[in-house]
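One structure is given below, encoded as structure tokens.
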Amino acid sequence: MDLKVILVVVLATISFICAKDTTYELIFSDEDLFSACPDPAPGTLDVHGFADLSELSTTLGAEGMSISGNLTLLWDIQPQDRVKAGIKLLYFDRGTWTPTFYSVTTNDYCKGFYDPKLPWHMFVYRHVTNLEDVKDKCITPGTKIIFESYLLSASMKMAKLREGFYKVQVTYQAFDQNGTERPTRICWEILGNLQEVSNV
Ligand SMILES: *[C@@H]1O[C@H](CO)[C@@H](O)[C@H](O)[C@H]1NC(C)=O
Ligand SMILES: *[C@@H]1O[C@H](CO)[C@@H](O)[C@H](O)[C@H]1NC(C)=O
């Protein structure tokens, strides 16, 4: 899997569903964490077009997912590009993936990307050991993001949600300075089974 942006995003994704009332556990079905999006538009790359995850280790154990190693960004965009990113949480409702309220789109992903005030910081960035080196690079290809070894706690506080199968879908599009979209875009998904642990 990937961490940096990936994990970053992945984890970022998880953090967006944080809220107040109930504790849930998100159970990942697979150590491979990332799937390709179904029916992708032409030019769509999955997570392997986004980053080289070969040096990133994700291990699923009783305690959750442990993460260590590093990842290198691969997506062929230019440093000045504007990146539009979206994170959507979908629920599997009677055979159909249905959007939920948890959906975030940003038209300028790199602006404030490593801002420690942002909610995903606690899941991802604070585990990045070379944050000072990479924070201005956003998702420029060749950037290597190094993680300390940590346990991704999948327990979190959230607003009321139904138990069941969810997926988080992450998309990126890049636009050059004239506003023309780059020939490739990114889309990947993470599937999990959400179980309620306790009420507060
Ligand atoms: C990246 O991860 C690999 C595998 O864990 C490790 O061997 C390598 O030293 C790491 N590179 C850096 C720069 O941390
Ligand atoms: C933007 O458009 C101008 C004028 O058409 C062109 O010269 C320039 O190369 C374009 N820049 C990019 C990044 O495509």
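Sequence positions, counted from 1, serve as the residue numbers for this chain. Order of listing sets the numbers, starting from 1, for every ligand and every atom in it.
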Is atom 3 (C) of ligand 2 in close reach of the protein, with a heavy atom under 4.0 Å away? yes
Who's closest to atom 1 (C) of ligand 1 heavy-atom-wise, of L56, N130, N70, L71? N70
Atom 7 (O) of ligand 2: any protein heavy atom closer than 4.0 Å: no
For atom 5 (O) of ligand 1, which protein heavy atom lies nearest, and how many Å away is it? E55 O, 3.8 Å
Closest heavy-atom pair and its distance - C110, V83: SG-CG2, 4.4 Å
Among all protein heavy atoms, pick the one closest to atom 14 (O) of ligand 2 and tell me residue, atom and distance. D176 OD2, 3.3 Å
If the plane angle is over 60° it's perpendicular, under 30° parallel, otherwise tilted; pick one for W188 and F34. perpendicular
K144 versus ligand 1: do any nitrogen or oxygen atoms come within less than 3.5 Å of each other? no
If you take all heavy atoms of L73 and I145, which pair is closest and at what distance? CD1-CD1, 4.5 Å
Please list, chain by chain and in numerical order, all residues satisfying salt bridge (charged side-chain N to carboxylate O under 4.0 Å, His left out) with E148, sequence neighbours excluded. none
Checking a contact table here: which protein heavy atom is nearest atom 13 (C) of ligand 1, and how many Å away? I146 CD1, 3.6 Å
Ligand 2 atoms nearer than 4.0 angstrom to some heavy atom of N178 are 1 (C), 2 (O), 3 (C), 8 (C), 10 (C), 11 (N), 12 (C), 14 (O)
Are any non-hydrogen side-chain atoms of Y109 and Y172 less than 4.5 angstrom apart? yes
When you measure from the side chain of R82 to the backbone N and O of N107, does any donor-acceptor pair fall under 3.5 Å? yes
Quick check on atom 11 (N) of ligand 1 - does any protein heavy atom sit closer than 4.0 Å to it? yes
Using modelled atom types and a 3.5 Å cut-off, is there a donor and acceptor pairing between side-chain atoms of N130 and backbone atoms of I146? yes
